[in-house]
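None of these values were measured; they are calculated from a predicted model. Note on naming: letters A, B, ... go to the chains in the order of the sequence lines (proteins, then strands), and numbering restarts at 1 for each one. All values below come from the heavy atoms of this structure, side chains included, with hydrogens, waters and symmetry mates left out.
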Amino acid sequence: MASLREVLRDNLKKYGFPFPLNKAECHGWSDLPRSGRTLFYTSCMYQIATLTKSLSKFVGMADKLSAFGFLASKLLKPPKEDLERASRVLNKMVKLLKASGVNDLFYLYEDEPYSGAALLEMGYLDLFEEHAKSVYSFFKSRGISRVITVDPHTHNALTRYREFVPGFDVEVLNVYEVIKEAKALTQEELTVHDSCLYSRFLGLRENYRGLITKAGLRIKEDFLITGKDNAFCCGYPIEAVDRDLSERVAELRAKGLKSLANRAIVVCPMCYAQLRDKVEVVDLMEVIE
Amino acid sequence: MSWEEAINRVISHGIPRVYEILERHPYLPELASKLRKAREEVIKNLDHYVEMTMKSVQRTGGKAYLANDAKEAREIVGKIVGTGKRVVLGKSMVAFEIGLRKYLQSLGNEVWETDLGELLLQLTDDNPSHIIGPAIHMTKERVAKVLREKIGADVSESSTHEELVAAARKFLREKFLTADVGITGANAVAADTGSIVLVENEGNIRLSSSVPPVHISVTGVEKIVPTLEYAVIEALVQSAYWGLYPPTYVNLTSGPSSTADIEHKRVSPAHGPKEFHLVLIDNGRREIAKDPDLWEGLLCIRCGRCHLHCPVYRVLDGKFGAPPYSGPMGAMWAYFVYRDPKPATLCTHSGNCKDVCPMKINIPRVLERIKFRASKAGDGKA
């Protein structure tokens with residue numbers, strides 16, 4: 001049987017993704033132009049977040065990710081209602097970016113490459129390096145010099161390209177570095193489940209939290225549950241390694257959040273997918289405009 | 001009572017207390033960052049500092065040894081102790097790492113753990129669940145049951161924390177007074193003076209290191225700091241970041257007991273131990289020190305703060321890591337001393353550990369590199 005490394009490499013080659021995904025599912029949400037100065041870069045994360053969650057129900061990592069495994073006959077497709085929700089979130093981001101003065105956004109549709117985030121997070125650093133180099137040459141071939149990422153995993157991957165790709169010179173911005181203004185859509189008291197990557201690795205905690213405050217959302221906090229050092233992961237990054245452990249982390253997290261409010265704001269599609277069956281979660285984009 | 005209840009009690013007692021301590025004594029983070037620089041210097045020149053330390057220990061009238069692996073370390077200590085002795089052990093995770101207690105027992109010695117948490121583990125033949133609080137998985141109700149059943153203490157589930165501690169005190173007191181050998185670890189070893197520094201609250205380390213005629217300290221080579229100044233700083237920083245500050249005791253030992261009361265001529269022994277032995281243990285550490293991806297993990301001072309902020313540690317019932325090394329630091333150290341990459345693969349890079357670490361070790365990054373090695377080792381299997 002092939003090693004997981006071989007399966008991942010094979011899938012990336014065939015589908016441009018770590019698992020057999022029909023990438024046509026990624027871009028139905030958009031009516032952005034196909035060219036411009038600033039790339040709106042989804043890496044298909046919002047679109048497929050809930051799908052990776054259902055994938056991990058099946059045991060056997062290589063099997064699970066291999067097109068020769070249990071799903072040999074067809075490529076994976078995210079559920080319709082999840083795609084519709086992703087579409088609303090992504091379009092809200094586009095709208096708020098435009099309202100913040102970004103008028104040269106474009107999107108790559110079926111040509112949008114995957115960031116390699118999962119390779120990095122699972123420790124397949126050699127594959128990540130190969131992949132990052134290929135994404136960088138693709139960006140260069142399209143003359144792309146500025147990218148706006150919309151989720152923490154992609155932002156983390158792209159900001160780390162510098163370590164793996166000599167001379168990487170694409171400007172990488174995050175949606176929460178650019179959106180400055182928004183209005184609250186609810187006065188309900190919510191709590192916040194921070195993204196680990198935004199909050200503790202990428203220095204973006206004050207960006208989206210600043211937006212939350214500025215928009216006038218009402219937030220319930222507890223230093224031991226939502227403080228920077230004490231808030232913790234939804235468990236998603238270890239889902240593929242140990243699903244049970246990942247679920248237990250999610251349950252513990254959900255329990256803490258529920259003790260503060262009925263609904264929690266998330267800023268990451270993976271946190272959403274991981275927590276939604278344990279506590280009611282909304283993407284920040286669903287409660288501001 | 002469950003692990004979840006036990007750890008929630010520890011978190012609600014411990015986490016706020018560390019912040020209070022750091023706020024009340026603002027020099028502590030400064031000391032921590034100064035200490036990191038000094039320890040980096042040692043890790044980068046480890047062989048040099050090992051040699052300097054061993055010479056310094058000899059100057060104080062002690063004996064110093066370098067053990068390449070756990071087996072060598074056990075044998076060195078076994079030869080010093082011999083057989084038919086009563087041995088008291090102060091808390092030492094390195095002693096656990098090398099399997100010292102069971103080895104000394106197998107040589108026909110009576111061996112007692114004297115740290116309360118360690119004693120509870122000895123009585124239940126259990127593994128430590130936290131690098132500093134080895135028995136934090138036990139609620140006080142469980143502790144009462146263990147003390148009653150294993151040492152016949154007159155305590156019950158309704159006994160107070162104080163009554164439980166008093167029962168252990170009564171049981172151990174005689175062991176200290178009659179022991180032939182005391183074995184401790186070391187929080188830090190000063191290369192310039194050959195002194196070891198040990199921080200504690202119970203007094204068991206002070207007793208183990210001063211009452212028996214022979215004192216053996218076993219510790220990892222990475223505990224060496226350039227000078228005695230840093231050894232003391234390490235003790236202060238370590239206790240503060242675990243939330244017990246000021247520590248009740250900081251023990252500083254330089255060689256066997258001595259006196260200069262007659263004509264200012266320094267002679268040895270005096271009232272304390274007649275012999276002092278320092279066993280420095282490599283067991284994989286020197287190779288890690290040379291590894292550009294992993295060396296940073298050797299800077300860990302074992303305060304155990306990262307554990308309480310780690311979601312994986314919390315849900316794994318204290319079993320994240322490889323005993324005695326637990327939590328985020330344990331996931332690194334499982335690889336460092338046992339070359340076991342499995343715990344690292346469970347890291348969900350929540351990132352809290354690196355933010356609360358007094359040495360500012362980028363633990364998730366070290367674990368990422370270990371994951372990479374695990375992924376390569378996993379090729380061929382799926």
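With rounding to the nearest 0.5 angstrom, the CZ atom of R5(A) is 4.0 Å from the OG atom of S375(B). A distance of 12.5 Å separates CG of D229(A) from SG of C306(B), quoted to the nearest 0.5 Å. Atom-to-atom distance recorded for D242(A):CG and L316(B):CG is 7.5 Å, nearest 0.5 angstrom.
Using a 4.5 Å heavy-atom threshold, the side chains of Y124(A) and K371(B) count as separate. The shortest distance between side-chain heavy atoms of R248(A) and D317(B) falls below 4.5 Å. The side-chain heavy atoms of E121(A) and E368(B), taken from C-beta on, include no pair separated by under 4.5 Å. Side-chain contact check for N352(B) versus N230(A): every heavy-atom pair is 4.5 Å or farther apart.
Only the side chain of F223(A) comes within less than 4.5 Å of a heavy atom in chain B; its backbone stays farther off.
Contacts from residues 339-349 of chain B to chain A, taken as heavy-atom pairs separated by less than 4.5 Å, involve T345(B), L346(B), C347(B), T348(B), H349(B) in sequence order. Residues from residues 200-213 of chain A that place a non-hydrogen atom less than 4.5 Å from a non-hydrogen atom of chain B comprise R200(A), F201(A), given in numerical order.
For E163(A), the CD atom is densely surrounded, since the number of other residues' heavy atoms within 6.0 Å is greater than 12. Around atom CG of D125(B), no more than 12 heavy atoms belonging to other residues, nucleotides or ligands sit under 6.0 Å away. Annotation for N262(A): atom CG does not count as buried by contact number, only 12 or fewer foreign heavy atoms lying within 6.0 Å.
In terms of the disulfide bond (SG atoms under 2.5 Å apart) criterion, C300(B) has no residue partners (sequence neighbours excluded). By the side chain to side chain donor-acceptor pair (under 3.5 Å) test, T159(A) pairs with no residue at all, sequence neighbours left out.
Of all the heavy atoms in F372(B) and L125(A), the pair that sits closest is CD1-N, 3.6 Å. Of all heavy-atom pairs spanning C233(A) and S350(B), the tightest one is N-OG, 3.1 Å. Closest approach of V249(A) to P311(B), counting heavy atoms only: CG1-CB, 3.9 Å.
With salt bridges taken as basic N to acidic carboxylate O contacts below 4.0 Å, none links R314(B) and E251(A).
Top candidate by heavy-atom pairs under 4.5 Å with chain B, chosen from L224(A), L245(A), L197(A), is L245(A).
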